[in-house]
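So that the names make sense, note that chain A is the first sequence line, chain B the second, and so on, each numbered from 1.
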2 protein chains.
Amino acid sequence: MKIDELDRKILMHLQQDSKKTNKEISNDLGLSVTAVYERIRKLEKAGIISKYVAVLAPEKIEKGFMVLCQVKLIQHKKDFLHKFEKEVAHLPEVTECLHVSGDYDYILKVLVKDMDAYREFMVTKLTNLDHIGSTTSIFTINKVKETTVINL
Amino acid sequence: MKIDELDRKILMHLQQDSKKTNKEISNDLGLSVTAVYERIRKLEKAGIISKYVAVLAPEKIEKGFMVLCQVKLIQHKKDFLHKFEKEVAHLPEVTECLHVSGDYDYILKVLVKDMDAYREFMVTKLTNLDHIGSTTSIFTINKVKETTVINL
DNA sequence: GCTGAAAGAACCGGTGT
DNA sequence: ACACCGGTTCTTTCAGC
């Protein structure tokens, strides 16, 4: 699907605040409410808009401690990678797991309450997974920027 | 604000799909629509729900190339950090910027179309910022897991 | 793409526990 | 403080142009 300037503007609106009504958006674009409605439907059907979610404030629900955990596996056989990926995806503390280039195989984003909770996570969950070689933890001192908005 | 089991369930619903109606949620919880409505309002007022957003599929809008860029500054005077943070926050390609512990000062999440676009970003934007020492790029081979849902 | 109307959700009193 | 009912207002949704 090809998207034009109007679609782009609609997407920027919804990425920033999906509670905006079609009326508000239509006012901004100079279109009718229905036109906006139909464009959004198309963008949803095309999978360009993949979902609508509520974003929570981590620090208000005791998940203000963010750690990036670099993981190296012992071996890199397909089965090992696959098993690790499946298991790590099921850990609720892990909000992101990327298979990456460089010195490590994976980078995990881990959200927990504090250092104690992180230690607990490492000891009882992560280092219990099979095939893990080494890990290095990078602690977040400050979130300078954090957005779900993709520039169009 | 203290949140109870019902609040937690509401938050899990909305984190996964904010288009769910209060009616659907109330059915699941065995509450009235109004009760759900009032709880959600409280969670919003308390800032626990910080916003509602549409999530796009990066690969469908030519932003399927994700790079983590580790940045070291030359000096660490407060002014230098501050200036760097301000400038980097304005770059639309950067969706995340974390001040971190370890060998590097910052880790940036950069979303672009492809390697060409990344090179362009590095050459014309990032390495043009003041006080940058060294950078290391970590390329994403595969997104194993990526979610905005925080487990409660 | 638009208009206009039907369907449905959010929202807001007032009330009871 | 918490939950409920019932009605009003606003949005989404759709038929017809």
- Query: Remaining members of B:Ile141's ILVMFWY cluster at a side-chain heavy-atom cut-off under 4.5 Å?
  - Reply: none

Under 3.5 Å, which donor-acceptor pairs link side chains of residues 48-64 of chain A to any protein atom two or more places apart or in another chain?
from    : atom 1 : to      : atom 2 : distance (Å)
A:Ser50 : OG     : B:Val55 : O      : 3.1
A:Tyr52 : OH     : A:Glu44 : OE2    : 2.6
A:Lys60 : NZ     : B:Ala46 : O      : 3.1

- Item | chain A contact limits on DNA chain C, taken 5' to 3' with a cut-off of 4.0 angstrom to heavy atoms | C:dG1 to C:dG4

- With a 4.0 angstrom cut-off to heavy atoms of chain A, pull out the first and last contacting nucleotide of DNA chain D, in 5'-to-3' order. D:dT11 to D:dC14

- Taking only heavy atoms on the protein side, list every residue of residues 17-40 of chain B lying under 4.0 Å from any atom of DNA chain C, sorted numerically. B:Thr21, B:Asn22, B:Thr34, B:Tyr37

- Task: Go through the structure and list residues passing ring-ring contact (aromatic ring centres under 6.0 Å, His included) with B:Phe84, not counting sequence neighbours.
- Result: B:Tyr106

- For the helix from C:dG1-D:dC17 to C:dT17-D:dA1, what angle lies between the axis at the first five pairs and the axis at the last five pairs, to 10 degrees? 30°

- Message: For DNA chain D, which residues of residues 41-49 of chain A approach it to below 4.0 angstrom with any heavy atom?
- Response: none

- Item | Under the ring-ring contact (aromatic ring centres under 6.0 Å, His included) test, residues paired with A:Phe139 that sit two or more places apart | A:Phe65, A:Tyr118

- Show which residues join A:Ile74 in its hydrophobic cluster (side-chain heavy-atom contacts under 4.5 Å, direct or indirect), or state none. none

- Taking the six-membered ring of A:Phe80, is the NZ or CZ of A:Lys77 close enough (under 6.0 Å from the centre) and on axis enough (within 45°)? yes

- Quick one: do A:Lys72 and A:Asp105 make a salt bridge, cutoff under 4.0 Å? no

- Message: Are there over 12 heavy-atom neighbours, none belonging to B:Lys113, within less than 6.0 Å of that residue's NZ?
- Response: no

- Query: Do B:Asp114 and B:Arg119 meet the salt-bridge criterion of a basic N to acidic O distance under 4.0 Å?
  - Reply: no

- ring-ring contact (aromatic ring centres under 6.0 Å, His included): pairs with one or both residues in residues 22-48 of chain B, sequence neighbours excluded: none

- Task: Using a strict 4.0 Å threshold on nitrogen-to-oxygen distance, state whether A:Lys83 and A:Glu87 make a salt bridge.
- Result: yes

- Task: Return yes when atom NZ of A:Lys9 has more than 12 non-hydrogen atoms of other residues, nucleotides or ligands closer than 6.0 Å, and no otherwise.
- Result: no

- Message: Just to verify, what does B:His13 make a ring-ring contact (aromatic ring centres under 6.0 Å, His included) with, not counting sequence neighbours?
- Response: none

- Item | Transitive ILVMFWY side-chain link A:Leu81 to A:Val94, under 4.5 Å | yes

- Task: Identify whether the distance between the nearest side-chain nitrogen and carboxylate oxygen of A:Lys125 and A:Glu93 falls below 4.0 Å.
- Result: yes

